[in-house]
Amino acid sequence: MEFRILGPVEFWAGGQRHDLGWAQARLVLAIMLMNPERPISTESIIGKVWDDDPPSNARDLLYPVVRRLRVRLDEFRSDVRLVTHAGAYILETDPENIDYHRYRALHSKARSMAQLPDVESATRLYRVAASLWRGEPLSGLSGTWASRTRMTIEEVLLAGTVAQHEFELRHGRHADLVPTLADLTLRHPLNEKLVGLLMEALYRGGRQSEALAAFRDLRRRLVDAEGTDPGPELIALRDRILNADPSLLAGRRPPAESPPNNLPRDNKTFTGRTDELRRLIGGPAGHKGTTVITIDGMAGVGKTTLAIHAAHRLADAYPDGSLYLDLHGHSAEHESMEPATALARLLHYFGVLPARVPSGLDERAALWRTMVARRKVLILLDDASGHEQVSHLLPGGSSCLVIVTSRQRLTGLDGVRSVSLDVLPPKTARCCSAGSSDRIELCHRKMWPP
């Protein structure tokens with residue numbers, strides 16, 4: 001048998017909801033459900049039912065209500081019993097049969113899992129608990145006791161919801177939280193804690209303007225309702241969002257001593273490609289202005305070698321990191337890398353733990369854009385199959401440089417500088433290192449004399 005008070009007062013048996021009849025019967029049952037396995041005196045029940053102003057025959061009126069409840073419960077011959085003992089009533093049932101007490105038990109277990117930390121188990125327990133909340137607690141019941149108890153339950157539920165969302169936000173699940181938090185702020189429009197969580201979730205999803213709009217909306221509501229501004233904690237959060245504080249980003253490890261750099265080793269004997277290299281690095285003054293550069297050409301023409309050499313030449317201008325990622329767009333040995341997988345790799349290079357990477361492609365892309373929004377990072381994406389594989393990996397601002405190599409011209413990317421490579425002239429080719437992979441490949445293709 002299951003009892004529910006996190007919404008209308010109900011009891012279920014055999015997978016079906018069963019009618020309790022009068023509102024007064026539901027009220028008496030709710031009083032006992034709040035304290036299962038504990039005796040509740042007849043006087044206490046009378047005071048709660050009649051708001052401490054009972055009629056002279058209150059005992060005579062209460063008795064048939066309790067009797068009908070007992071008969072109704074006994075119909076199902078379960079382990080639930082309503083018994084009388086020494087002038088008190090006791091509802092004998094496991095608290096786990098009551099949604100409110102089960103909610104509290106699940107939250108207690110979730111907190112224990114979170115401390116281990118067991119992220120998946122804690123998240124699952126938090127969400128199972130949240131699913132028990134069906135609406136206004138004790139819905140349909142009136143009176144002073146019902147109103148006060150409803151407020152107490154809602155405070156417990158709200159505190160549990162905040163704890164759950166803080167935990168999930170801390171572990172990078174911001175994308176899943178935005179709709180729920182938006183709904184909660186509508187139901188609790190003056191709750192600064194909920195609005196703060198919504199602001200963080202929006203910001204971590206790359207939605208800075210919406211995060212700031214949530215602050216402005218709360219401020220307007222507070223002024224209209226109470227004539228006050230948001231508290232200093234929320235104002236500080238607003239300022240951190242305005243300043244793109246990197247510590248707000250979800251799931252980051254502590255900052256490393258040096259920025260990430262996994263560029264492959266440069267070819268110290270690199271020769272040739274003078275014109276192309278000048279177009280890539282912008283001459284002696286260095287690269288300026290362009291966010292994305294693409295290098296296209298047939299297999300073996302030297303795209304990767306040129307891109308790596310240019311990246312090393314430009315790395316000093318991007319002090320926040322130099323990243324290399326092979327997309328295997330045309331590899332015979334590896335499957336072409338999916339954009340979601342590529343984003344997980346890039347986020348990993350910046351310290352995001354695998355368990356904290358958002359599940360959706362758009363959410364991963366939003367977190368990636370947020371993390372590099374105000375950083376100067378060089379990103380080399382090697383062997384792209386086409387613009388669809390690359391588009392989600394591009395930063396949103398202009399402070400980063402992305403170099404992309406591909407066998408085809410990436411016409412689907414807007415506002416890029418394109419460099420097309422052809423076979424090296426024979427005279428230049430003879431000067432190249434005899435051991436270079438590009439020369440060996442071109443020799444196999446008989447594109448220039450050995």
Side-chain angles (χ1 to χ4, degrees), residues 1-50 58-59 61-112 124-157 159-160:
M1 187 174 290
E2 178 187 0
F3 297 95
R4 299 179 180 181
I5 60 177
L6 302 182
V9 178
E10 300 174 349
F11 86 92
W12 290 64
Q16 294 183 335
R17 182 175 65 85
H18 298 275
D19 186 22
L20 285 168
W22 300 344
Q24 199 169 75
R26 294 197 301 274
L27 178 58
V28 171
L29 179 61
I31 292 168
M32 289 186 283
L33 288 174
M34 287 299 294
N35 295 282
E37 304 285 346
R38 294 175 57 185
I40 305 175
S41 69
T42 302
E43 289 77 9
S44 177
I45 295 176
I46 288 173
K48 291 177 172 64
V49 171
W50 283 281
R59 285 179 176 269
L61 296 173
L62 178 63
Y63 176 72
V65 174
V66 175
R67 181 173 56 82
R68 281 193 293 270
L69 271 176
R70 182 183 290 121
V71 170
R72 196 81 176 94
L73 296 176
D74 288 345
E75 288 179 14
F76 301 95
R77 298 183 180 181
S78 66
D79 57 353
V80 178
R81 294 195 311 152
L82 178 55
V83 300
T84 305
H85 177 72
Y89 294 103
I90 304 172
L91 182 67
E92 295 181 344
T93 185
D94 187 340
E96 285 286 320
N97 294 332
I98 305 167
D99 57 358
Y100 173 60
H101 300 288
R102 187 159 68 253
Y103 177 93
R104 300 184 68 171
L106 285 166
H107 262 267
S108 178
K109 292 177 183 177
R111 287 193 297 271
S112 298
R124 178 178 54 80
L125 290 170
Y126 274 131
R127 293 185 177 183
V128 172
S131 69
L132 299 176
W133 189 356
R134 297 174 293 114
E136 181 184 66
L138 305 177
S139 176
L141 299 186
S142 59
T144 302
W145 178 86
S147 298
R148 290 175 178 172
T149 304
R150 184 178 298 118
M151 291 177 61
T152 299
I153 294 174
E154 286 183 333
E155 288 175 0
V156 171
L157 295 174

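For reference, positions follow the sequence shown, starting with 1.
The side-chain heavy atoms of L157 and Y103, taken from C-beta on, include a pair separated by under 4.5 Å. Using a 4.5 Å cut-off on side-chain heavy atoms (C-beta onward), L82 and M32 make contact. Looking only at side-chain heavy atoms (C-beta outward), M1 and L73 come within less than 4.5 Å of each other. Within the 4.5 Å cutoff, the side chain of L61 has no heavy atoms near those of the V49 side chain. When side chains are defined from C-beta on, Y126 counts as touching R111, because their heavy atoms get closer than 4.5 Å. In this structure the side chain of I40 never reaches within 4.5 angstrom of the side chain of M34, judged on heavy atoms.
With no hydrogens or angles considered, a side-chain donor-acceptor pair links T84 and R70 at under 3.5 Å.
Atom NZ of K48 is separated from atom CD1 of I45 by 8.0 Å, given to the nearest 0.5 angstrom. In this structure, OH on Y100 lies 5.5 Å from CD1 on I153, to the nearest 0.5 angstrom. Here the CD atom belonging to E10 is positioned 4.5 Å from the CZ atom belonging to R134, to the nearest 0.5 angstrom. Expressed to the nearest 0.5 Å, how far CG of D94 lies from CD of E37 amounts to 7.5 Å. Taking CZ from R68 and OH from Y63, the interatomic distance works out to 11.0 Å, rounded to the nearest 0.5 Å. Note that CD1 of I31 is 12.0 Å distant from CG of L91, once rounded to the nearest 0.5 Å.
Residues satisfying the side chain to side chain contact (heavy atoms under 4.5 Å, CB included) test with E154, not counting sequence neighbours, are E136, P137, R150. In this structure E2 satisfies the salt bridge (charged side-chain N to carboxylate O under 4.0 Å, His left out) test together with R4, R102, sequence neighbours excluded. Applying the salt bridge (charged side-chain N to carboxylate O under 4.0 Å, His left out) test to R59 and every residue at least two apart in sequence or in another chain returns E43.
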Original post:
Would E75 and R72 count as a side chain to side chain contact (heavy atoms under 4.5 Å, CB included) if you check the C-alpha gap in whole Å, the side-chain angles of each, and the deciding distance to 0.1 Å?
Top reply: CA-CA 5 Å; E75 288 179 14; R72 196 81 176 94; 2.6 Å; yes
**OP:** Evaluate the side chain to side chain contact (heavy atoms under 4.5 Å, CB included) criterion for residues F3 and V80: first the C-alpha distance (whole Å), next the side-chain angles of each, then the deciding distance (0.1 Å), finally the verdict.
**Re:** CA-CA 11 Å; F3 297 95; V80 178; 3.7 Å; yes
Original post:
Passes side chain to side chain contact (heavy atoms under 4.5 Å, CB included), L69 versus Y89? Steps please.
Top reply: CA-CA 12 Å; L69 271 176; Y89 294 103; over 6 Å; no
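Residue-environment remark: CZ (R127) exceeds the threshold of 12 foreign heavy atoms within 6.0 Å.
Across all non-hydrogen atoms, the minimal contact from N35 to R38 is OD1-NH1, 3.2 Å. Nearest heavy-atom pair, A13 versus H18, reported as atom, atom and distance to 0.1 Å: O-NE2, 3.0 Å. Of all non-hydrogen atoms in I46 and A58, the two that sit nearest each other are CG2-CB, 3.7 Å. Of all heavy-atom pairs spanning L141 and A30, the tightest one is CD1-CB, 3.9 Å.
H101 places a side-chain N or O within 3.5 Å of a backbone atom of L33 that can act as its donor or acceptor partner. Between the side chain of H107 and the main chain of A129, no donor-acceptor pair closer than 3.5 Å is present. W133 places a side-chain N or O within 3.5 Å of a backbone atom of G135 that can act as its donor or acceptor partner.
A side-chain contact (heavy atoms from CB on, under 4.5 Å) with L6 is found for exactly one of L132, I98, L138, namely L132.
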